[in-house]
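First listed ligand is number 1; within each ligand, the first listed atom is number 1. Computed from a predicted structure; not experimentally measured.
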Amino acid sequence: MIRTKIFKKEHLNRTLAKRGFVVLDGLSQNQISVLNDVYHTDRPNCSVGGFQSTHFYKDIEYKRRVNRAIIGEFEGFIENHLVNYRPIFGNFMVKEAEGKGEMPLHADWTYVDESRYVSLGFWIPLIDTNERNGRIGVVPRSHLIQTPERGPQIKSPFQELNAYIAKKYGKFLNLKAGQVLIYNHKTLHFSMPNYSAVERVAINLVCVPNDAKLVHYARLKDNKSISYFEPSTTEFYIDYELFGIPKEPAIIEDIRYDDQQFDKLDVDKKFKLNPIVYWLNSIFSSYQ
Ligand SMILES: O=C(O)CCC(=O)C(=O)O
C-alpha cells in the first residue's frame with residue numbers, strides 16, 4: 001500500500017497523485033543569492049558546451065558543499081510542506097549560455113521501493129525561465145505508467161518515442177526564480193536548450209520518506225541484466241561517478257532485465273486523455 005499523505009495540505013496530495021507534479025513558491029531572493037554564491041565558489045572548470053550537472057563532477061568536496069548548502073536552504077520548506085520526508089541529495093543543473101543542452105525526455109532514477117513509497121524530485125531555477133533559456137517540461141500523468149527499475153544506462157521503455165511524447169503530451173512550465181517543481185520521480189520530464197546569453201542554473205533535490213530504505217539500479221554488465229544496490233548512506237550519491245561501478249555497497253543482486261519498447265499505439269493508449277481535457281491542454285500550453 002502506498003502512503004498517500006505526502007504533503008500537509010490535502011489538495012497538494014490530490015494534485016500530485018493525479019498529475020504527478022505540483023508547483024509551489026519556495027526560495028526567497030536572499031536564498032537564491034546564497035545558492036548562486038555556493039554554485040560559483042571554487043567551482044571546478046567543467047564546461048561541456050551544453051547541459052551539465054554538478055552531480056557528475058569529480059570534485060567530491062565541491063559536491064559535498066553544494067549538497068549541504070542546498071539541503072540547509074530547504075530544511076524549513078520541507079518541514080512546512082511535507083510529512084516525514086528527508087532530503088538526501090542536492091546538486092545544480094546547468095544550461096550553459098547559448099549552448100545546445102537539450103535534456104531529452106526521461107524519468108529520474110529509482111530511489112525507494114516504489115510499490116510502497118513515493119520519492120520526490122524538486123527542481124528550482126535560480127532565474128526566471130522561459131522558452132529561450134532552458135525551461136522545463138513535464139508529461140502530466142506519466143507517473144501512472146512508469147517502470148520501477150530506473151537508473152544509469154537502463155533504457156527507458158519510452159526512449160524511441162521521446163520526441164513524440166514530449167511534443168504531443170508534454171507541458172512546459174515557465175517557472176520563476178525560486179519556484180519549486182515537486183514531481184514524483186516516475187514523472188517524465190525534459191527541458192529545452194538555452195538559447196539566451198545567460199547561464200541557466202537550477203537546483204535538483206531528491207527527497208524520500210523517512211522510513212524508506214534507499215535502493216539503486218544500474219545497468220553495468222550486459223544487456224540482459226541490471227544490478228541492484230541498497231545504499232546504506234546518502235554519501236553513495238556524493239561519491240557516485242558517472243556510469244562508474246558504485247564502490248559501496250556491494251551489488252546485492254543481478255536481476256534479469258529485458259528491454260521493452262512501447263510503440264506509438266501503446267503510448268497513445270497509455271496517455272490517452274478525455275478529448276475535452278486534451279483540447280483544453282492544447283489551448284493552455286503551460287500550467288503557469
Ligand atoms: O535542468 C534541466 O534542464 C533538466 C533537469 C532534469 O531533467 C532533472 O533534474 O532530472
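The residue from R135, H189, M192 that puts a heavy atom closest to atom 6 (C) of ligand 1 is H189.
F51 counts as a contact of ligand 1, since one of its heavy atoms falls under 4.0 Å from the ligand.
Summarising the local packing, NZ of K9 is surrounded by 12 or fewer heavy atoms from other residues, nucleotides or ligands at distances under 6.0 Å. Residue K8 places its NZ atom among more than 12 non-hydrogen atoms of other residues, nucleotides or ligands, all under 6.0 Å distant.
If you number the atoms of ligand 1 from 1 as listed, the ones under 4.0 Å from a heavy atom of K95 come out as 3 (O). Near D108, meaning under 4.0 Å from any of its heavy atoms, are these atoms of ligand 1: 10 (O). Heavy-atom contacts of S191 reach the following atoms of ligand 1: 2 (C), 3 (O), 4 (C) (cutoff under 4.0 Å). Taking a cut-off of under 4.0 Å to the non-hydrogen atoms of R200, the atoms of ligand 1 that pass are 1 (O), 2 (C), 3 (O).
Of all protein heavy atoms, the one closest to atom 9 (O) of ligand 1 is N204 ND2, 2.7 Å. Counting protein heavy atoms only, atom 7 (O) of ligand 1 is closest to H106 CE1, 2.8 Å.
The cationic group of R135 lies under 6.0 Å from the six-membered ring centre of F172 and within 45° of the ring axis, placing it in a cation-pi geometry. Figure legend: R65 and Y62 shown without cation-pi pairing, the cationic atom not lying both under 6.0 angstrom from the six-membered ring centre and within 45 degrees of its axis.
At a heavy-atom cutoff of 4.0 Å, ligand 1 is contacted by the side chain of W123 but not by its backbone.
When each of W109, F89, Y57 is checked for a ring pair (Phe, Tyr, Trp, His ring centres under 6.0 Å) with Y240, only W109 meets the rule.
Here the closest heavy-atom approach between residue V139 and residue S142 is recorded as O-OG, 2.6 Å. Smallest separation of non-hydrogen atoms from K224 and D258: NZ-OD1, 3.5 Å.
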